[in-house]
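Structure record follows, encoded as structure tokens.
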Amino acid sequence: MAHDPEKLFGYLEQTKELYGNTIYLENPTAENPTVNAEGLAAYYNEICNCQLCDLGKTRTKFVFGIGNPDADIIFLGEAPGEKEDLAGEPFVGRAGKLLDKMLAAINLTRDDIYICNVLKCRPPKNRDPLPSEVEKCEPYLNQQLSLIQPKLIVALGRIAACTILKTKEPLKELRNKVFSYKGIDLLVTYHPAALLRNPNFKRPAWEDFQMIRDKYLLKN
Ligand code: URA
């Protein structure tokens, strides 16, 4: 929607010509996809120098997230690793390459989805996130979700899933179920690094991705 009064007037004149006196209000992000992109960029600038926990002292780069700001699906990892910390981008290492292949198998590319982590900074030696770090970082994820408004979150691996669902269940209990996080559907699947370590997980992971495709991509 135009914010400039002159443009707004022009827009109203034009719609009056087309539709008469009825005004049809559209979803502003559907009409103008840059709304989400700008919102995310502004939010990145707001938080990228974060020092709320000690990871701010040891990180190389803040890893905000990447992908389509209007994505329907967000893939969520636990925290940046070494390569991600250097690049400032999530999932750029071997696990990321495998994730790209899994996405391609259901006709998705990184341009269709959004990828981020629960923690935005790398824990030293890739240790698990501490509850105090999650407490500080989770509001950043929540704000990203409210800007992007996805229909589905896919938690990659037990740590990402358990961290945000506040559970200690094993991964096999979490797969094949639809959870809700902040009102958004959430599915849990294997972390691609786990598939690299144990190729036996590739078959069930493929089943999870088929479920994502069938339930969230082939609708309508
Ligand atoms: N593992 C994750 O959970 N996230 C990344 O960004 C990379 C590896």
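Remember, it's 1-based here, ligands and their atoms both numbered in the order they're listed.
Remark: ligand 1 and E84 share no N or O pair separated by less than 3.5 Å (distance only, no angle test). Taking distance alone, with nitrogen or oxygen atoms compared against 3.5 Å, F91 approaches ligand 1 more closely than that limit.
Within a 6.0 Å sphere centred on CZ of R127, other residues, nucleotides and ligands contribute more than 12 heavy atoms.
Rounded to the nearest 0.5 angstrom, E169 CD and R158 CZ are separated by 9.0 Å.
At least one heavy atom of A79 sits closer than 4.0 Å to an atom of ligand 1. Under a 4.0 Å heavy-atom criterion, H191 is in contact with ligand 1.
Here H191 and F91 bring their ring centres to under 6.0 angstrom of each other.
Closest to atom 4 (N) of ligand 1, if we only count protein heavy atoms, is N117 OD1, 2.8 Å.
The distance from ligand 1 to the heavy atoms of P90 drops below 4.0 Å at these ligand atoms: 6 (O). Every atom of ligand 1 with a heavy atom of G77 under 4.0 Å away is listed here by number and element: 3 (O).
Of the charged side-chain nitrogens involved, none lies within less than 4.0 Å of a carboxylate oxygen, so that K97 and D100 do not count as a salt-bridged pair. The residues E133 and K120 are annotated as not salt-bridged, no charged nitrogen and carboxylate oxygen being separated by less than 4.0 angstrom.
With sequence neighbours excluded, no residue satisfies salt bridge (charged side-chain N to carboxylate O under 4.0 Å, His left out) with D85.
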